[in-house]
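Letters go in sequence order (proteins before strands), and every chain restarts at 1. Reckoned from all heavy atoms, side chains included, excluding hydrogens, waters and symmetry mates.
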Protein chains: 2
Amino acid sequence: MTDTEDSCLVQKLSHYIELDDLSRHHLAQFELDQIDVQKHEIITRIGTETSKLYVVKSGWLYAFVDMPDGRRQLVRIFHPGDIIGFPDLAFHHATTTVQASEPACLCPFPKKRLDDVFRLSPRLTALLFALAVRDQVIFMDLVRAMGRMSARERIVSLLLDILHRLRITNVSMTDTMRLPLSQTEIGDLLGLTNVYVSKTFRRLEEDGFIKRDGGTIRILKEGEMTEMTDFSNRYQDMDISWFPSYTTRLDQAL
Amino acid sequence: MTDTEDSCLVQKLSHYIELDDLSRHHLAQFELDQIDVQKHEIITRIGTETSKLYVVKSGWLYAFVDMPDGRRQLVRIFHPGDIIGFPDLAFHHATTTVQASEPACLCPFPKKRLDDVFRLSPRLTALLFALAVRDQVIFMDLVRAMGRMSARERIVSLLLDILHRLRITNVSMTDTMRLPLSQTEIGDLLGLTNVYVSKTFRRLEEDGFIKRDGGTIRILKEGEMTEMTDFSNRYQDMDISWFPSYTTRLDQAL
DNA sequence: CGGTCCATTGATCAGATTCAAGCATTGTGG
DNA sequence: CCACAATGCTTGAATCTGATCAATGGACCG
């Protein structure tokens, strides 16, 4: 790919800092190859060796773990522009199974290709670091939802989370979004059963919070829903004040 | 502090990679100051400006968020050698409140002091990055526990998690540990009530899984408990194969 | 056209909460 | 040194949210 047309990874990261040519060059190294995957195809299987990361070009995917009794827990949803595999960087074996929830296109690249970024671009490294710790906060929000919220509140906070995530790269988006997840998948993400997800969605619709139409969903009372769940948008602003500048050189060493 | 006596931060990080003198020097910059805090004293309050991080020298602390109805959700426990505040790096305002669960000693340092590490030590940066993504996996484990496990299993997996964390820096530790958390705090961490935590602990003791004595707890059937919760130790091994080497120099740039 | 997946709905069940009371321990001020 | 308050753990009874079980119907697909 040329540096002139922005990939969705570049687009997403540009939301936080101005990317210089060197950074764009580094990021382009992550998107040299690409593969297509089918709906429900498994990308990485838990327990297998981790050697690669993936940039999502299109499609939704998710990571999950199986429980001994056959149930499962989704832990994360991936959208275009997200990078799959960071959590596994720290381990020799994958900690989750990653599966496509719809047809998708991915760019695989080896772990080792991060080396250049770490050695040559402290500022881009800081951005990746910030994204990693930002994701920790996203997990805390999920823990909070699952630990102390009712089924209704959990579903509402999931919808708001997805809405804000999609708005980063799609500023024109208002209140309607595609939701390519089954109710079973949503339940597996929020610690509920598919049955109760169905009942809760229906009640949300009856109460005028949402409007469903096929695979899309419309958020009708965003303000009320935000207040109901004490929701914070984690995708908008980022503190970049502590990032090293691009001009920093190593030869300033002690 | 001199470089000869290892701080618990250095001790903990040394578990994963050999730290060279430069790295030790960088880490020493995190422990220049130190403050004592009392039991239940609040270190950082949610919503206030984030400017500092803290290295824990002694004592246990935890991070939590309040719910509108007065309940709360703990999201993380800190032990000696842990760094407090990474998740807030990405934000201008603190996302959690951090409180001491017992008297503790902390070393505060400004965000900006990470700059040197990012610019001058790619390998140490990679280690911090690996710890950040490792923590994501810890959060996934917590999500899994709260989404798909019974109260008994959640408590068992918490006990195993703490046991393995303490064993990193205390290799002599076998099956007995101090647990300076009230049952209310444990409930707030696992999404349970203090009442049910009490009932569940009692049953675990009756069934011979644990033995309690004042503030300490003994794990009697570690193997069985590990299997019951499908527990994975996230603290033992780390994949450092992709880390840049210490000798890497920036002047290899394109 | 039959099979599969998914959403829906009702009846029943259970794990965990809520409410309430009692007891032990610790800390504090008189 | 004691009285008293505050905190934490325990236990029981009633209640409720969400799970389980089961059946139905629609949409899609080979």
Side-chain angles (χ1 to χ4, degrees), chain A residues 38-41 60 62 67 69-74 99-103 145-156 158 178-207 210-217 228, chain B residues 38-41 60 62 67 69-74 99-103 145-156 158 178-207 210-217 228:
Chain A
Q38 304 165 2
K39 177 169 177 169
H40 289 171
E41 189 171 331
W60 289 30
Y62 49 75
M67 302 301 291
D69 63 2
R71 296 179 305 166
R72 62 183 189 173
Q73 177 67 47
L74 302 211
Q99 189 173 22
S101 69
E102 59 175 347
M146 298 190 24
R148 291 294 183 226
M149 285 188 191
S150 66
R152 160 173 290 216
E153 292 163 338
R154 287 186 220 183
I155 288 178
V156 165
L158 172 66
R178 210 166 54 86
L179 188 61
L181 295 171
S182 72
Q183 293 184 349
T184 300
E185 289 162 343
I186 292 172
D188 286 342
L189 179 62
L190 298 176
L192 302 166
T193 58
N194 57 349
V195 175
Y196 207 65
V197 169
S198 172
K199 289 175 181 173
T200 308
F201 259 120
R202 173 139 301 289
R203 284 176 206 142
L204 281 172
E205 194 159 25
E206 282 166 9
D207 295 347
I210 58 170
K211 179 84 182 65
R212 289 177 295 170
D213 182 17
T216 70
I217 191 162
M228 174 201 308
Chain B
Q38 305 166 0
K39 177 169 177 168
H40 289 169
E41 188 171 331
W60 288 31
Y62 49 76
M67 302 301 291
D69 64 1
R71 294 179 307 166
R72 63 183 189 173
Q73 176 67 47
L74 302 211
Q99 190 173 21
S101 68
E102 59 175 347
M146 296 188 26
R148 292 291 182 230
M149 285 188 192
S150 67
R152 160 174 290 216
E153 292 164 338
R154 286 186 222 183
I155 288 178
V156 165
L158 171 67
R178 211 166 52 87
L179 187 61
L181 295 171
S182 72
Q183 294 184 348
T184 300
E185 288 162 344
I186 292 172
D188 287 342
L189 179 62
L190 298 176
L192 302 167
T193 57
N194 57 348
V195 174
Y196 208 65
V197 170
S198 172
K199 290 175 182 174
T200 308
F201 259 120
R202 173 139 300 288
R203 282 175 207 144
L204 281 172
E205 195 160 24
E206 281 166 8
D207 294 347
I210 58 171
K211 179 83 182 64
R212 289 176 296 170
D213 182 18
T216 71
I217 191 161
M228 175 201 308

Student check: side-chain heavy atoms of [X] and [Y] closer than 4.5 Å:
{"X": "Ile155(B)", "Y": "Arg203(B)", "answer": "no"}
{"X": "Met146(A)", "Y": "Gln73(A)", "answer": "yes"}
{"X": "Ile186(B)", "Y": "Leu179(B)", "answer": "yes"}
{"X": "Asp188(A)", "Y": "Tyr62(A)", "answer": "no"}
{"X": "Gln38(A)", "Y": "Pro103(A)", "answer": "no"}

With the side chain of [X] defined as its heavy atoms from C-beta on, choose the nearest nucleotide among [options].
{"X": "Ser182(A)", "options": "dA7(C), dA19(D), dT17(C)", "value": "dA7(C)"}
{"X": "Lys199(A)", "options": "dA11(C), dT8(C), dA16(C)", "value": "dA11(C)"}
{"X": "Arg212(B)", "options": "dT11(D), dT17(C), dC9(D)", "value": "dC9(D)"}
{"X": "His40(A)", "options": "dA19(D), dC6(C), dT18(C)", "value": "dC6(C)"}

Less than 4.0 angstrom between a side-chain N/O of [X] and OP1 or OP2 of [N], yes or no?
{"X": "Thr193(A)", "N": "dG18(D)", "result": "no"}
{"X": "Ser150(A)", "N": "dT17(D)", "result": "no"}
{"X": "Gln183(A)", "N": "dC5(C)", "result": "no"}
{"X": "Ser198(B)", "N": "dT10(D)", "result": "yes"}
{"X": "Arg202(A)", "N": "dA7(C)", "result": "no"}

Calculate the interatomic distance between [X] atom [atom1] and [N] atom [atom2]; express it in whole Å.
{"X": "Glu206(A)", "N": "dT9(C)", "atom1": "CD", "atom2": "C1'", "answer": "12 Å"}
{"X": "Tyr196(B)", "N": "dA14(C)", "atom1": "OH", "atom2": "P", "answer": "13 Å"}
{"X": "Met146(A)", "N": "dA19(D)", "atom1": "CE", "atom2": "P", "answer": "11 Å"}
{"X": "Lys39(A)", "N": "dA27(D)", "atom1": "NZ", "atom2": "C1'", "answer": "12 Å"}
{"X": "Arg203(A)", "N": "dT9(C)", "atom1": "CZ", "atom2": "P", "answer": "10 Å"}
{"X": "Glu102(A)", "N": "dC28(D)", "atom1": "CD", "atom2": "C1'", "answer": "17 Å"}
{"X": "Arg154(A)", "N": "dT17(D)", "atom1": "CZ", "atom2": "P", "answer": "13 Å"}
{"X": "Asn194(A)", "N": "dT8(C)", "atom1": "CG", "atom2": "P", "answer": "11 Å"}

Hey, does [X] reach any base, or is it just sugar-phosphate, or nothing, if we go heavy atoms under 4.0 Å?
{"X": "Gly191(A)", "value": "sugar-phosphate"}
{"X": "Val197(B)", "value": "nothing"}
{"X": "Arg71(A)", "value": "nothing"}

Of Glu205(A) and Thr200(B), the one whose nearest nucleotide on DNA chain C sits closer to the 5' end is Glu205(A)

How about Glu206(A): does its CD atom have over 12 heavy atoms from other parts shown lying under 6.0 Å from it? yes

